[in-house]
Amino acid sequence: MARVNLDGKTIPMLAICMIGGGGFIGSHLCEKLMAETNHKAVVVDVSSDKIIHLLDRSLPWAHRIEFHQLNIKSDSRLETLIKSSDLTINLAAICTPADYNTRPLDTIFSNFIDAIPVIKYCTENKKRLIHFSTCEVYGKTIGSFLPEEFRKDPKYFILKEDESPCIFGPIDKQRWSYACAKQMTDRLIYAEHAENGLQFTIVRPYNWIGPRMDFIPGVDGPSDGVPRVLACFSNSLLRGEPLKLVDGGESQRTFLYIKDAIDAVALMIDNPERANGYIFNVGNPDNEVSVKELAELMIKAYAKVSGVPASSLSTVNVSAQDFYGKGYDDSDRRIPDMTIITRQLAWKPRTPLDELLDVTIQYQHRTYSRAMERELSKPSN
């Protein structure tokens, strides 16, 4: 039976070029495309580790997925792959906060310079583009500049795709290199749309979390690496070390389960008439907690999964400079306005925070606990 979109129209089979499709988001999107659609995934990335389970040639969808190991910085095959596809989804990015300070040049090149050819090829070949931006482009919320008595009111922290200003810290706060590069890419895409008719959708994720997110240092990533907050906390839990709260963990964030997020992306793919020309916040305003509260919830969930007493797990405060290095700056609170995506795609998040943390921590423990035991048992030099 043919699938139909939100307007009752039959959804045609699409060849989708997924740049950076071998990562966290791409792996979950590939799973959904293979299991629930007839679309073809042309995955472009430097590694296939997170989608290797989908590439077995004996699987029923083997003819609908192909992996191309290439670096988009320097490979001429990229234009051919975009040209031969119906839709390009650009997921490629350096998006780990620790990198914004220590690798600002790589961050700027990855998120702006490397995106330019992708946008150009889509425009020249009249191909639709779904580009992954970030909620970081909003920078600091208006509320963060207000007197303390106003900071309890959520209305000063709600971010709207077509209204909210983008406010960044000074140039020496290199933490904003990522946000500025992403914002410039958004502006380039919109300019190509306005002047040359590029069909685009921009996605702004708000802290998507779930299985396969990020790396665990020393196990499946560099031992000196600093992943994003959930993997950072998971690493500490697996090692039995205190969870580090940057500046006391007072910053607040909303968290969205990756499966809910991928449902939103699938709607964008299948409903171009509703998605073209729009920027979509994709988050869950109901799942808002402080980073400190997140740590406490993760300790409880990990104790339940691992059998380790929660009383043996703790947190410790560290300064942003000690944790990230000089030049780090932060936004204290970001709440996504969901009006546009609800109106255009009838999408709403479903998974509450405690449930998504349980699923994610079960995965982290199942995947990494034995490897971590081996890592910790190695004699120290």
Side-chain angles (χ1 to χ4, degrees), residues 95 97 100-101 133-180 182-184 186-187 202-209 228-230 232-233 243-256 278-298 315-324 326-343 348-349 352-354 356-357:
C95 53
Y100 309 160
N101 278 4
S133 180
T134 172
C135 63
E136 292 273 341
V137 299
Y138 296 108
K140 292 175 170 288
T141 50
I142 292 171
S144 64
F145 294 94
L146 296 176
E148 191 69 36
E149 62 265 26
F150 293 103
R151 294 189 185 182
K152 301 292 185 187
D153 192 334
K155 73 181 179 184
Y156 296 115
F157 300 91
I158 292 173
L159 299 169
K160 300 183 179 184
E161 301 94 324
D162 52 356
E163 292 183 24
S164 295
C166 302
I167 307 169
F168 303 126
I171 298 300
D172 67 343
K173 300 295 187 184
Q174 294 197 113
R175 178 257 195 281
W176 299 110
S177 59
Y178 173 66
C180 287
K182 280 292 194 183
Q183 187 205 130
M184 195 62 208
D186 288 2
R187 293 189 184 279
I202 290 174
V203 185
R204 289 189 178 153
Y206 284 71
N207 302 299
W208 298 2
I209 61 176
R228 284 165 287 187
V229 63
L230 187 130
C232 226
F233 285 170
L243 281 63
K244 294 179 178 177
L245 302 179
V246 175
D247 293 339
E250 296 302 316
S251 292
Q252 290 175 267
R253 294 289 181 267
T254 62
F255 293 92
L256 176 67
Y278 283 94
I279 300 171
F280 292 118
N281 286 336
V282 185
N284 188 342
D286 294 331
N287 282 351
E288 187 186 25
V289 287
S290 70
V291 173
K292 182 178 181 180
E293 289 168 334
L294 177 70
E296 292 165 352
L297 289 170
M298 287 184 67
T315 61
V316 61
N317 292 343
V318 297
S319 72
Q321 181 158 327
D322 286 343
F323 192 80
Y324 287 118
K326 185 180 177 182
Y328 189 78
D329 197 10
D330 203 2
S331 176
D332 54 358
R333 192 176 184 187
R334 296 191 187 106
I335 304 172
D337 180 271
M338 306 301 292
T339 304
I340 294 177
I341 195 167
T342 303
R343 183 190 72 217
K348 289 183 179 179
L353 186 61
D354 56 352
L356 74 88
L357 286 177

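Position 1 is the first residue of the sequence; numbering continues from there.
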Checklist outcome for this item: Between the CD1 atom in Ile158 and the CE atom in Met338, the distance rounded to the nearest 0.5 Å is 12.0 Å
Checklist entry - Given side chains that start at C-beta, do those of Thr141 and Tyr156 come closer than 4.5 Å, heavy atoms only? => result no
Item to check | Exam field: side chain Asn101 to backbone Arg175, donor-acceptor pair closer than 3.5 Å | outcome: yes
Item to check | Side-chain heavy-atom pair Leu245, Asn317 within 4.5 angstrom cut-off | outcome: yes
Item to check | Stacked cation flag Arg204 on Tyr138, 6.0 angstrom / 45 deg | outcome: yes
Next on the checklist: Quick check on Lys292: does its NZ atom have over 12 non-hydrogen neighbours (other residues, nucleotides or ligands) under 6.0 Å away?
Outcome noted: no
Checklist entry - Can any side-chain N or O of Arg228 pair as donor or acceptor with the backbone N or O of Pro97 at less than 3.5 Å? => result no
Checklist entry - Is there a side-chain contact between Phe255 and Asn207, using heavy atoms and a 4.5 Å cut-off? => result yes
Checklist entry - To the nearest 0.5 Å, how far apart are CD in Glu293 and CD in Gln252? => result 7.0 Å
Next on the checklist: Would you compute the distance between atom OH of Tyr206 and atom CG of Asn284 and round it to the nearest 0.5 angstrom?
Outcome noted: 12.5 Å
Checklist entry - Are the side chains of Gln174 and Tyr324 in touch, meaning some heavy atoms are under 4.5 Å apart? => result no
Checklist entry - Would you find more than 12 non-hydrogen atoms of other residues, nucleotides or ligands less than 6.0 Å from Lys140 atom NZ? => result yes
Checklist entry - Among all residues two or more places apart in sequence or in another chain, which pass the side chain to side chain donor-acceptor pair (under 3.5 Å) test with Asp337? => result Thr339
Checklist entry - Going by heavy atoms in the side chains, are Ile142 and Pro165 under 4.5 Å from each other? => result yes
Item to check | Check: Ile209 and Leu256 side chains under 4.5 Å, non-hydrogen atoms | outcome: no
Checklist outcome for this item: Glu161 meets the salt bridge (charged side-chain N to carboxylate O under 4.0 Å, His left out) criterion, sequence neighbours left out, with none
Checklist entry - Looking at side-chain heavy atoms only, is the closest gap between Glu288 and Ile335 below 4.5 Å? => result yes
Checklist entry - Can you find a pair of side-chain heavy atoms, one from Val229 and one from Arg253, that are under 4.5 Å apart? => result no
Checklist outcome for this item: CE (Met298) and CG (Leu353) are apart, to the nearest 0.5 Å, by 10.0 Å
Next on the checklist: Quick check: closest heavy atoms across Ser133 and Asp186, and the distance to 0.1 Å?
Outcome noted: OG-OD2, 2.9 Å
Checklist outcome for this item: Those residues at least two apart in sequence (or on a different chain) that pass side chain to side chain donor-acceptor pair (under 3.5 Å) with Gln183 are Arg187
Checklist entry - To the nearest 0.5 Å, what is the distance between CD1 (Ile202) and CG (Asn281)? => result 11.5 Å
